[in-house]
Amino acid sequence: MLWDPYWGDLPDSEGLSIYSGMRGVLTVFYAVTGYVMQPVYFLADIAGQFIPELKAYFGLKAADVLDFLTESNLVSSSQLAAFKENDSVKKSFVGYVDLLVFPTMMFYTLSIAALEAGYKLIKNIILSLFVEFSFTKRKEGQYKDALSKRASELVKLNVQYKNLTKEASVLAKSVITDELTQVYNKRFFLEKIDLEFKTAKEKKKKLAIAMVDIDHFKKLNDTYGHIMGDKVLKAVAQIANSSTPQNAFCCRFGGEEFAIIMPGFNLDQAVAVVSEIHENIPYLQFSEDEALKTSASFGLCYADFTASEAQALEGFDALIKMADDELYKAKLNGRNRIEATQII
């Protein structure tokens, strides 16, 4: 071991009187610190083989101190010889050296422990902050990415939902709309008249239904062709639909025949709707043949379900039949006219 905790051979005496009784404590302390410092001394010894100056820091002994004092002319050769021959002086010198080493080594030991503790504390704080900062930033980035991805998915889902809603609306409309004339089709008519008939009968309300038939339509088709016949159908349907109030329903019943359901309408109101359609159809003009004119016949049935006679009706078929009968009467009476009946 390079460092001698006793700084040379000690005499049997315990050194200075102020130091009396501490030899045992220091001996244990030196032994413990000596063992603890063994790896350091070992490495220093190896390094000292290459760098002699290191021995000045790790190989200091009492003799080295005396040599230094002599070389520096702080102690004469005679004084040095007297010192080596005088046990009392040597005891005092060793005692002073030990007294200086004790607090030095204690300060060194405590400082090393404090520095190591501080280093560990600072390292742990830095690592904790680094880990926390890294974790927070990483999580923040992950959350941002997740939110951005989620927002993008929501936008796509919203677009898909709108498209599906639009497609569903178009599909639903196509199911109940006549492809040629773009008014309600017969399927819708039958479902709606059934519902309105039951509602009117249950709640004792009014209900009117009108049947509309284009006059001489077969002759028109034979004369002008079916393409022109389709144009006439679309034109008549447009007038009928635009003249039908929002709380009423214009439907294509089949062929050149249309039907108008008017829930809650009294007879006068229903006649007014039908009259407007009847008056506007003759004004239709077609670029293919400006001489082409058309008209329609109307059969109207009105029922007041507060009356027992209306309550006696078992189904909407009876209303349709009565409206058809009035339409047939209009045809027999010269066409281009309105015939009406009522159940009150």
Practice task
Ignoring hydrogens and angles, tell me if any N or O in the side chain of E290 forms a donor-acceptor pair with the backbone of S287 under 3.5 Å.
Solution key: no

Practice task
Would you kindly confirm whether V212 and V232 end up in one hydrophobic cluster when ILVMFWY residues are joined by side chain heavy atoms under 4.5 Å apart?
Solution key: yes

Exercise for the section: Give the cluster check for I239 versus L233: same hydrophobic cluster or not, with ILVMFWY residues linked at side-chain heavy-atom distances below 4.5 Å. Expected result: yes

Handout entry: Single-linkage hydrophobic cluster, 4.5 Å side-chain cutoff, Y184 and V175 together
Key = yes

Practice task
Return yes if some donor-acceptor pair links the side-chain N/O of N241 with the main-chain N/O of A237 below 3.5 Å, else return no.
Solution key: no

Handout entry: Validation row: L300, I260 side chains within 4.5 angstrom (heavy atoms)
Key = no

Practice task
Please examine the side chains of I343 and M322, heavy atoms only from C-beta on, and report whether any two atoms are closer than 4.5 Å.
Solution key: yes

Handout entry: Validation row: N247, F265 side chains within 4.5 angstrom (heavy atoms)
Key = yes

Problem - T244 (side chain) donor-acceptor with A240 (main chain) under 3.5 angstrom - result: yes

Handout entry: Transitive ILVMFWY side-chain link I338 to F217, under 4.5 Å
Key = yes

Exercise for the section: For K201, look at atom NZ and say whether over 12 heavy atoms of other residues, nucleotides or ligands are found less than 6.0 Å away. Expected result: yes

Problem - D325 and K321 ion-paired at < 4.0 Å - result: yes

Handout entry: Verify same cluster id: L319, F253 (apolar side-chain graph, 4.5 Å)
Key = yes

Handout entry: OG on S295 to CG on D215, rounded to 0.5 Å
Key = 3.5 Å

Handout entry: Pairwise side-chain contact, D178 with F188, heavy-atom cut-off 4.5 Å (strictly under)
Key = no

Problem - Heavy atoms from other residues, nucleotides or ligands near CD1 of I227 exceed 12 (cutoff 6.0 Å) - result: no

Exercise for the section: Would you give the length of the straight line joining atom CG of L220 to atom CG of L292, rounded to the nearest 0.5 angstrom? Expected result: 5.5 Å

Practice task
Please list all pairs passing the side chain to side chain donor-acceptor pair (under 3.5 Å) test where one or both residues lie in residues 224-234, with sequence neighbours left out.
Solution key: Y224-D289, K231-E288

Problem - Side-chain heavy-atom pair L190, D194 within 4.5 angstrom cut-off - result: no

Problem - P263 side chain near T199 side chain, heavy-atom distance below 4.5 Å - result: no

Exercise for the section: Spell out, as yes or no, whether a donor-acceptor pair under 3.5 Å connects the side chain of E326 to the backbone of A323. Expected result: no

Exercise for the section: Supply the atom-to-atom distance F286 CZ to K293 NZ, rounded to the nearest 0.5 angstrom. Expected result: 9.0 Å

Practice task
Quick one: pull up CD1 in I176 and SG in C251 and give me the separation to the nearest 0.5 Å.
Solution key: 9.5 Å

Handout entry: From M211 atom CE to E339 atom CD, the distance as rounded to the nearest 0.5 Å
Key = 15.5 Å

Practice task
Evaluate the side-chain proximity of F316 to I261: yes if any heavy-atom separation is below 4.5 Å, no if none is.
Solution key: no

Handout entry: No-hydrogen, no-angle side-chain donor-acceptor test under 3.5 Å, S297 and D213
Key = no

Handout entry: Nearest atoms (heavy-atom pairs only) where A296 meets H278
Key = O-CD2, 3.8 Å

Handout entry: Option passing side-chain contact (heavy atoms from CB on, under 4.5 Å) with D304 (candidates N266, I344, L267)
Key = I344

Handout entry: Student check: side-chain heavy atoms of Y302 and V271 closer than 4.5 Å
Key = no

Practice task
Check the pair Q269, K206 against side chain to side chain contact (heavy atoms under 4.5 Å, CB included), reporting the backbone distance first and the verdict last.
Solution key: CA-CA 11 Å; Q269 291 170 330; K206 301 176 179 67; over 6 Å; no

Problem - Cationic tip of K204 above F305 ring, under 6.0 Å, 45° of axis - result: no

Handout entry: Salt-bridge present (K192, E196; N to O < 4.0 Å)
Key = yes

Handout entry: Set of side-chain contact (heavy atoms from CB on, under 4.5 Å) partners for Q238, sequence neighbours left out
Key = none

Problem - Spacing of E153 atom CD and N158 atom CG [to the nearest 0.5 Å] - result: 13.5 Å

